[in-house]
**Q** 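Once you've had a glance at the structure underneath, I'll fire off some questions.
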Amino acid sequence: MNRNVWMASLIAGLFAFTLNIGMFVVPTFSTAVLGATDSQVGILVAAPGVLAMLLMVPSAPISNRVGRRRVMILSTIAGVLAAILYLTARTFQQLLVAQLVFGASNAFFWPSNLAYSCEVAGPRAISQAQATNTAAQGVGLVLGPIVAGILTQRSGYQGALWAWLVCALANLGLAVRLTSLPTQPQSGSLGSAIIRSLQAIPSMCRNTRLLVAMLSQLLTAAFVTSIGGAFFILFVQDVGYSATLASLFLSLRELFGTISRALYASIRRYVSNQLILSLVPLIAGSALLLGFSRPILPVLLVIIALEGFALGLTAPAGNTEASENASEEDLAETIAVVVVMFQVGTVIFPPIIGQLMRMMDRTKGLMTGTLLVILLSICPLVLSLKTRTESAQSQEIEV
C-alpha cells in the first residue's frame with residue numbers, strides 16, 4: 001500500500017479520535033458542569049454539522065485549486081484552535097463557538113483527505129484505500145471514548161480536553177509531512193468554480209446510485225451522532241450505568257464498526273454496494289429500538305455490536321460509490337456531496353430528537369425518533385431494489 005495512503009489514513013484516524021472524544025465529552029460536560037438541557041445538548045451536537053453542511057461542498061473546488069495537502073493543513077490548524085476553545089469554555093455559548101470552529105475544520109478535512117487517498121492509491125486500489133482509511137477512522141473512534149472516559153474519571157474533563165489538544169497538534173504535524181500532489185489547471189475564478197460545484201448537486205441527485213448513498217449517509221447520522229451517540233450516552237446513565245461504562249459502550253460500537261470497515265472489500269464481493277447502503281439504517285435502527293425497550297446489559301452489548309457493525313459499512317460504501325460514479329475532474333465534489341449528507345443529518349436529527357425527549361421523556365422520545373428514522377429508511381431500500389432490477393433487465397437485453 002502506498003505510503004501516502006497510510007499517512008492520510010493515520011491522519012483520518014487521529015481526526016476521528018478527537019471527534020469521538022467530543023462525542024463523549026460534549027453531552028456529559030455540558031449537562032454535568034454547565035447545566036445544559038436536552039434541547040441545548042441537541043443544539044451543541046448539531047452545531048458542527050451546520051458549518052460542515054455549509055462549507056463541505058464549497059471546500060472541494062478550493063481543494064482542487066490549492067491542493068489537498070494545504071487544505072488538510074488548514075483544517076488541522078482549525079482543529080487545534082477548536083481544542084483550545086474547548087479547554088477554555090466556561091459557558092454554553094463558549095462551548096457552542098468551539099463546536100462551530102470544529103465544524104469548519106470537519107467540513108474542509110474530509111473531502112480533501114478522502115480525495116487525496118483515492119488519488120494516491122490509483123483507480124485499481126480505491127476500495128482498498130477506502131477500507132484502510134475508514135478502518136483507521138474506526139480505530140480512532142474506538143479509542144476516543146475509552147481515553148476520554150478514563151481521563152475524565154481520573155483527572156476530570158480537563159484531562160480529556162488536553163488529550164484532544166495534544167492529538168490535534170500531532171495531526172497538524174503529520175499533515176505537514178504529507179507529499180504534495182500536483183494540482184490540475186483550473187479555468188475561471190474560485191467563485192465560479194464554487195458556483196459550478198453547487199450547480200452540479202441536482203444532477204448528482206438524479207443519479208439513483210448516488211442518491212442511495214446520500215440518503216444512507218443522512219439517515220445513519222441520526223444513529224451515529226444523536227440517537228445512538230450523545231443521547232444514547234445520557235440514556236444508559238438514566239438506566240443506572242456509569243459515565244465510564246457509557247463511554248465503553250460507544251467504544252464497543254466503534255470497535256465493531258472498525259471490524260466491518262476492515263472487512264468491507266470482502267463483504268462487497270457478496271453484497272452489492274447499494275444493498276449495503278440501504279440496509280445499514282434499517283439494521284442499526286432496529287437494534288437500537290430493541291436496546292431502548294430492553295436496557296439490560298446482555299441486550300445492550302448485542303445491539304451495540306450489531307449497530308456498530310452495520311454503521312461501520314456506511315463510510316467505505318458511500319465513499320466508494322461516490323468515487324466510482326465521479327469523473328476525475330469532479331472527484332472531490334462528488335465525495336463532498338455524499339459526505340455532506342451525513343452532516344445534514346447531524347444538523348437535522350439532534351434538535352428533533354431533543355425536542356421529542358422534551359415533549360415526552362428520554363426513553364419514549366428516543367424510541368419515537370428511532371421509529372421515524374426506520375420508516376424513512378424504507379426509501380433508499382426501494383431505490384436500491386429498483387436500481388438492481390433495472391440493472392438486471394439491461395443485462396438481459398444486452399445478452
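Note that this is a predicted model, so its numbers are computed, not measured.
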**Q** Heavy atoms only: give me the nearest F29-A89 pair and the separation to one decimal.
**A**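 Between these two residues, the closest heavy atoms are CZ-O, 4.1 Å.
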**Q** Taking all heavy atoms of T152 and all of A148, pick out the closest pair and write down the distance.
**A**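 Looking at all heavy atoms of both residues, the closest pair is OG1-O, 2.6 Å.
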**Q** Side-chain contact, heavy-atom cut-off 4.5 Å: V337 with L210?
**A**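 Side-chain contact under 4.5 Å: no.
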**Q** So, taking the atom named CZ in R154 and the one named CD1 in I150, what distance separates them when rounded to the nearest 0.5 Å?
**A**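 Here the rounded value is 6.0 Å.
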**Q** Do F249 and Y241 have ring centroids that are under 6.0 Å from one another?
**A**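 Ring centroids of Y241 and F249 are less than 6.0 Å from each other.
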**Q** Is the distance between the ring centroids of F102 and F15 less than 6.0 Å?
**A**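 Distance test on ring centres: under 6.0 Å, yes.
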**Q** For R90, which residues count as a side-chain contact (heavy atoms from CB on, under 4.5 Å) partner, sequence neighbours excluded?
**A**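 Q94, Q158.
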**Q** Please answer whether the main-chain N or O of I73 pairs with a side-chain N or O of T76 as donor and acceptor at a distance below 3.5 Å.
**A**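 Answer holds: yes.
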**Q** Distance-only, no hydrogens or angles: does the S216 side chain make a donor-acceptor pair with backbone N or O of A213 under 3.5 Å?
**A**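 Not at all, since once roles are kept as given, no pair shorter than 3.5 Å links the two residues.
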**Q** Any non-hydrogen side-chain atom of V347 less than 4.5 Å from a side-chain atom of V344?
**A**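 Counting from C-beta outward, V347 and V344 never come under 4.5 Å.
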**Q** Name all residues meeting the side-chain hydrogen bond (donor to acceptor under 3.5 Å, both in side chains) criterion together with N171; count only those two or more places apart in sequence or in a different chain, and write none if there are none.
**A**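 Partners of N171 under the side-chain hydrogen bond (donor to acceptor under 3.5 Å, both in side chains) test: none.
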**Q** Could you walk me through whether N273 and T320 pass side chain to side chain contact (heavy atoms under 4.5 Å, CB included), step by step?
**A** CA-CA 8 Å; N273 227 26; T320 301; 4.1 Å; yes
**Q** Measure the shortest side-chain to side-chain distance between L215 and C379 over non-hydrogen atoms and say whether it is less than 4.5 angstrom.
**A**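 In short, these two side chains touch, coming nearer than 4.5 Å.
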**Q** Check the hydrophobic clustering (I, L, V, M, F, W, Y; side-chain heavy atoms under 4.5 Å; chains of links allowed) and say if V236 and L248 are grouped together.
**A**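 Yes, same cluster.
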**Q** Is any side-chain heavy atom of Q40 closer than 4.5 Å to a side-chain heavy atom of L96?
**A**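 No. Closest side-chain heavy atoms not under 4.5 Å.
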**Q** So which of S117, S180, S63 actually passes side-chain hydrogen bond (donor to acceptor under 3.5 Å, both in side chains) with R68?
**A**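 Single pass found, and it is S63.
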**Q** Main chain of L95, side chain of Q99: is a donor-acceptor contact present, judged purely on distance under 3.5 Å?
**A**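 Absent.
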**Q** Which pair of non-hydrogen atoms, one from F231 and one from P350, has the smallest distance, and what is that distance?
**A**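 It is CE1-O, 3.6 Å.
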**Q** Okay, side chain of T368, backbone of G365: is any donor-acceptor separation there less than 3.5 Å?
**A**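 No, T368 side chain to G365 backbone: no donor-acceptor pair under 3.5 Å.
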**Q** Please confirm whether the backbone N or O of A78 pairs with a side-chain atom of S105, one donor and one acceptor, at under 3.5 Å?
**A**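 It does not hold such a pair.
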**Q** Taking a hydrophobic cluster as the set of Ile, Leu, Val, Met, Phe, Trp and Tyr residues connected by side-chain heavy atoms closer than 4.5 Å, whether directly or through intermediates, do L376 and I283 fall within one such cluster?
**A**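 Same cluster: L376 reaches I283 through Ile, Leu, Val, Met, Phe, Trp or Tyr contacts under 4.5 Å.
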**Q** Would you give the length of the straight line joining atom CG of L74 to atom CD1 of I62, rounded to the nearest 0.5 angstrom?
**A**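 L74 atom CG to I62 atom CD1 measures 9.5 Å (nearest 0.5 Å).
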**Q** According to a hydrophobic-cluster definition based on side-chain heavy atoms being under 4.5 Å apart (Ile, Leu, Val, Met, Phe, Trp, Tyr only), do M341 and L372 belong together?
**A**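 In one cluster: yes.
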**Q** To the nearest 0.5 Å, what is the distance between CG on N133 and CG on L10?
**A**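 One finds 10.5 Å between CG of N133 and CG of L10.
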**Q** For residues 255-283, which residue pairs pass the salt bridge (charged side-chain N to carboxylate O under 4.0 Å, His left out) check, not counting sequence neighbours?
**A**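 For residues 255-283, and leaving out neighbouring residues, the salt bridge (charged side-chain N to carboxylate O under 4.0 Å, His left out) pairs sorted by first residue read R268-E324.
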**Q** Return the minimal non-hydrogen interatomic distance between T258 and A135, and the atom names on each side.
**A**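 What the structure gives for the nearest pair is CG2-O, 3.5 Å.
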**Q** Before you tell me yes or no, could you show the steps for I276 and I267 under side chain to side chain contact (heavy atoms under 4.5 Å, CB included), namely the whole-Å CA-CA distance, both residues' side-chain angles and the distance that decides it to 0.1 Å?
**A** CA-CA 9 Å; I276 290 172; I267 293 172; 4.1 Å; yes
**Q** Which pair of non-hydrogen atoms, one from Y116 and one from T179, has the smallest distance, and what is that distance?
**A**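 Residues Y116 and T179, closest heavy atoms: OH-O, 2.7 Å.
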**Q** Distance-only, no hydrogens or angles: does the S384 side chain make a donor-acceptor pair with backbone N or O of L381 under 3.5 Å?
**A**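 It does not hold such a pair.
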**Q** Could you state the interatomic distance from CG (L255) to CD1 (I259), rounded to the nearest 0.5 Å?
**A**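 One finds 4.5 Å between CG of L255 and CD1 of I259.
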**Q** According to side-chain hydrogen bond (donor to acceptor under 3.5 Å, both in side chains), who are the partners of S272, at least two apart in sequence or on a separate chain?
**A**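 side-chain hydrogen bond (donor to acceptor under 3.5 Å, both in side chains) list for S272, sorted by chain: empty.
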**Q** Measure the shortest side-chain to side-chain distance between L87 and L165 over non-hydrogen atoms and say whether it is less than 4.5 angstrom.
**A**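 Yes; the side chains approach each other to less than 4.5 Å.
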**Q** Does the side chain of V280 come within less than 4.5 Å of F223's, by heavy atoms?
**A**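 No, side chains not in contact.
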**Q** Could I get the full list of side-chain hydrogen bond (donor to acceptor under 3.5 Å, both in side chains) partners for W110, not counting sequence neighbours?
**A**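 side-chain hydrogen bond (donor to acceptor under 3.5 Å, both in side chains) check on W110 returns N106.
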**Q** Establish whether I378 and I374 are linked, either directly or via other cluster members, by ILVMFWY side-chain heavy-atom contacts under 4.5 Å.
**A**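 Per the 4.5 Å side-chain linkage, I378 and I374 are not co-clustered.
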**Q** Using a 3.5 Å cut-off and no angle test, enumerate the donor-acceptor pairs between side-chain atoms of residues 289-311 and protein atoms at least two apart in sequence or in another chain.
**A**
unit_1: S293; atom_1: OG; unit_2: L289; atom_2: O; d: 3.2
unit_1: S293; atom_1: OG; unit_2: L290; atom_2: O; d: 2.9

**Q** Considering non-hydrogen atoms only, spot the tightest contact between L178 and M7 and give its length.
**A**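 L178 and M7 have their closest heavy atoms at CD2-CB, 3.5 Å.
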**Q** Nearest 0.5 Å, what's the CG-OG1 distance between L277 and T220?
**A**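 If we round to the nearest 0.5 Å, L277:CG and T220:OG1 are 9.0 Å apart.
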**Q** Identify whether L218 and V382 are in the same connected component of the hydrophobic contact network (ILVMFWY, side-chain heavy atoms under 4.5 Å).
**A**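 No, separate clusters.
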**Q** Hey, are the side chains of L55 and F108 touching, using non-hydrogen atoms and a 4.5 Å cut-off?
**A**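 Of all side-chain heavy-atom pairs linking F108 with L55, at least one is under 4.5 Å.
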**Q** How far apart are the C-alpha atoms of M56 and V339, what are their side-chain angles, what is the distance that settles it, and do they pass the side chain to side chain contact (heavy atoms under 4.5 Å, CB included) test?
**A** CA-CA 8 Å; M56 191 168 282; V339 175; 3.5 Å; yes
**Q** Quick one: CG on L219 to OG on S377, what's the gap to the nearest 0.5 Å?
**A**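 Output value for this atom pair is 4.5 Å.
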**Q** Side chain to side chain contact (heavy atoms under 4.5 Å, CB included) between R69 and V176: does it pass, once the steps are laid out?
**A** CA-CA 8 Å; R69 174 178 172 271; V176 171; 4.1 Å; yes
**Q** Please examine the side chains of N319 and V338, heavy atoms only from C-beta on, and report whether any two atoms are closer than 4.5 Å.
**A**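 With C-beta onward as the side chain, the pair stays apart.
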**Q** Looking at F109, is its backbone amide N or carbonyl O close enough to the side chain of N113 to form a donor-acceptor pair, meaning the two atoms are under 3.5 Å apart?
**A**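 Checked: no pair found.
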